[in-house]
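Counting starts at 1 for both ligands and their atoms, following the listed order.
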Amino acid sequence: MLWLGGGQVFDVESGRFRSAAIGIEGDQIHSIADAPRPGREDRVLDASGCFLLPGLIDCHVHLAMPTDEADPSAVAGWPDALIAIYAMKAAERTLLGGTTTVRDCGGWNYVEMAVRKAIKRGWCIGPRLFLAGRLLSITTGGVDYYPGMYEVANGPDEVRAAARRQLARGADFVKVMATGAMLSPENEDARAIQFTLEELKAAAEIAHDNFKHMAAHAHACQGILNAVEAGADSIEHGTYADEQALRLMAERKVTLVPTFCATTSMLHDPKVSASMPPHLHERLVASREIRQQMVRQAHRLGVPIAMGTDAGTPGNHHGDNVDECIAMVEEAGLSPADSLRAATLHGARLLRQEDKLGSLAPGRFADIIATRANPLDDIRALKRLALVMKGGVAHLNALS
Ligand SMILES: [Zn+2]
């Protein structure tokens, strides 16, 4: 057994740290004790002065999308093999940045499924991957931007068949486009309804019949209402949600995944920001404050919020996922404890994995990160990690 001793351990329910030691057996947490109780064969890792948290869960990532391209459609002509190599490195960077679980909301010709296999075989390192396969969409201009990411389906029967195809490939959930996207051609409007209510219901039916959840990309308010009505488990982005939509989400416990980083990170990358196609830059900037206000209101109304970066969009780099935790505090006024809960417990609940992930307790996977400073005092402490452990294996270890 391995003991992590001398540190402060985060309790996701209460949002507090307490002095404790974590006993790790194999890939799981075996016990939480006041102090290490090592047997003769056991090792003790000294985490004195450190703050131990569950590995973070990013509920909205595109591992196959390269972030140094200012124009997201640049990838359209890349061979799958090149994209697979990129996705493999993106997975490694994501893990080393403290995100031990990722929900990929739109892959690329299923190369991300191969990356998951490679991680399982130990050929490379990366987070635990929960994958959508291709996202389901109506015929739209966005398909030309991301030909490897979109599965076109029109009408409920085609939607059912498309959802089944993703599950047959190994998808863990179904992702649908309820409205237009922001990072799309000029003729696509994020405020336009895409899938109809009937089509969304068809996707949800297949997801839920197979014990999977459904994630709905939605900016326009009516698209959000349609997705919630259809049974979506999460709303991605949610930009133009009004109070009625947010109240409905709170009532039905539909998770909001805000994805601040899609805008914030782009603005922080001067090269990407300057060379981005103007219509995309304009859209992101124009919707920024609207989203900030929406997330504030959602939080006030009790909508469950899960951390999601949309990493893979221009300038939104894989590995900088903790920036979303910072944005939730600085842009939407969440407390650091609420932000950390969004990045752990709430993500685990959305993935239906709360018995294995998202908290530090016996029986959970030993997915643990450590900061040097207290993230409840300053959430930016997440930027300086002393430990990243996934399944009991330390992939980054600066502990003495
Ligand atoms: Zn996305």
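The Zn ion (ligand 1) has no N, O or S atom of H237 closer than 2.8 Å. H60 lies close to the Zn ion (ligand 1), since one of its N, O or S atoms is found at a distance under 2.8 Å.
Taking the charged nitrogens against the carboxylate oxygens, R288 and E331 do have a contact shorter than 4.0 Å, which makes a salt bridge. Salt bridge absent: R283 and E188 never bring a charged side-chain N and a carboxylate O closer than 4.0 Å.
H213 and H208 have their aromatic ring centers separated by at least 6.0 angstrom.
With hydrogens and angles ignored, the 3.5 Å screen pairs no side-chain donor or acceptor of E354 with any backbone N or O of L345.
Within D310, the N, O or S atom lying nearest to the Zn ion (ligand 1) carries the name OD1.
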